[in-house]
Amino acid sequence: MRIGMGYDVHKLVKNRKLILGGVDIPYDFGLLGHSDADVVVHAIMDGLLGAAGLGDIGKYFPDTDSQYKDISSIKLLQQVGKLLDEHRYRIENIDATIICQNPKLAPYKDEMIKNVADALNIVKNQVCIKATTEEGLGFTGKGLGIASQAIVLLQELF
């Protein structure tokens, strides 16, 4: 068994879509980034790559490469899933938390879970995505950005 931890954060800005877990969430602000800036998918990808000892998302999808400009992070997650298959790892579970004051994410969590599970060809009960606020504290609590953490468990196949 191998455990990985991922973390990502992006600044909230005007004139960008807010994409979390592959879901376009209606909101006045979106996340600034080279891709769609989907912090929860980025944290999951980093956790998966780290658990497999394969590096991080910057190694595979650098923000200096124009082919990744505004790309869906779900597409990148599919590529990470293929890497895990090539290196003979099976995902046991993914547990992610999105940290933001607003918007409220409860109505979107099931769709996020489905998107992540589908991208990785795993079942939905292997994925948990939660959301929390920081009670108005820190940059996420003040609405300046959104962060996400993810813990993953992989099984090495022999």
Side-chain angles (χ1 to χ4, degrees), residues 3-52 54-81 83-84 91 93-120 122 124 126-154:
I3 298 170
M5 195 283 288
Y7 175 81
D8 195 37
V9 60
H10 285 275
K11 180 180 179 179
L12 282 164
V13 295
K14 286 275 194 189
N15 302 315
R16 287 276 296 189
K17 288 184 175 187
L18 178 59
I19 308 293
L20 294 170
V23 179
D24 187 345
I25 298 170
Y27 194 54
D28 292 337
F29 299 91
L31 294 169
L32 182 62
H34 186 69
S35 67
D36 63 6
D38 188 331
V39 292
V40 67
V41 172
H42 292 184
I44 290 168
M45 289 191 300
D46 261 348
L48 292 167
L49 290 167
L54 297 173
D56 61 24
I57 62 175
K59 176 179 176 180
Y60 296 95
F61 316 111
D63 63 6
T64 55
D65 191 330
S66 62
Q67 72 177 314
Y68 303 119
K69 179 74 174 140
D70 296 323
I71 194 168
S72 165
S73 294
I74 290 291
K75 289 182 181 177
L76 302 180
L77 182 60
Q78 290 170 335
Q79 292 181 42
V80 169
L83 275 170
L84 295 176
I91 298 166
N93 77 299
I94 297 167
D95 185 12
T97 303
I98 302 167
I99 306 155
C100 70
Q101 197 65 35
N102 285 300
K104 299 302 179 196
L105 300 177
Y108 309 102
K109 289 190 298 184
D110 287 341
E111 188 177 357
M112 290 181 203
I113 289 167
K114 181 185 182 318
N115 290 344
V116 169
D118 288 351
L120 294 169
I122 59 178
K124 291 190 311 184
Q126 290 176 275
V127 180
C128 182
I129 297 178
K130 307 174 299 294
T132 190
T133 70
E134 289 191 308
E135 304 297 332
L137 301 173
F139 71 92
T140 60
K142 290 181 172 54
L144 300 175
I146 296 178
S148 184
Q149 300 176 1
I151 305 288
V152 305
L153 181 64
L154 300 181

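Here the structure is a predicted model, which is why all the values come from computation and not from measurement. Residues: numbered from 1 along the sequence shown.
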Taking side chain as C-beta onward, heavy atoms only, is [X] less than 4.5 Å from [Y]?
| X | Y | result |
| --- | --- | --- |
| I94 | Q126 | no |
| L105 | I25 | yes |
| K17 | D36 | no |
| I146 | V9 | no |
| M45 | D38 | no |
| L31 | I19 | no |
| L154 | L84 | yes |
| N102 | F29 | no |

Between the side chain of [X] and the main-chain N/O of [Y], is any donor-acceptor distance below 3.5 Å?
| X | Y | answer |
| --- | --- | --- |
| E111 | V23 | no |
| Y60 | L76 | no |
| D95 | I151 | no |
| Q101 | G136 | yes |

Gap separating the [atom1] atom of [X] from the [atom2] atom of [Y], nearest 0.5 angstrom:
| X | Y | atom1 | atom2 | result |
| --- | --- | --- | --- | --- |
| L77 | L48 | CG | CG | 7.0 Å |
| E134 | F139 | CD | CZ | 7.0 Å |
| L144 | H10 | CG | NE2 | 15.0 Å |
| N15 | L32 | CG | CG | 11.5 Å |
| N115 | L20 | CG | CG | 11.0 Å |

Over all atoms of both residues, closest heavy-atom pair of [X] and [Y]:
| X | Y | answer |
| --- | --- | --- |
| T140 | A147 | CG2-N, 3.9 Å |
| L12 | G143 | CD1-O, 3.4 Å |
| S35 | S73 | OG-OG, 3.7 Å |
| D46 | G6 | CB-CA, 4.0 Å |

Is atom [atom1] of [X] surrounded by more than 12 heavy atoms (other residues, nucleotides or ligands) closer than 6.0 Å?
| X | atom1 | answer |
| --- | --- | --- |
| I71 | CD1 | yes |
| K130 | NZ | yes |
| K104 | NZ | yes |

Open item on the list: Can you confirm whether the side chains of H42 and S148 place a donor and an acceptor under 3.5 Å from each other?
Closed with: no
Task: Listed partners of F61 passing ring-ring contact (aromatic ring centres under 6.0 Å, His included), at least two apart - done: Y68
Task: Where at least one partner belongs to residues 56-75, residue pairs that pass salt bridge (Lys or Arg N to Asp or Glu O under 4.0 Å), sequence neighbours excluded - done: R16-D70
Open item on the list: Tell me every residue that passes salt bridge (charged side-chain N to carboxylate O under 4.0 Å, His left out) with D118, counting only those two or more places apart in sequence or in another chain.
Closed with: K114
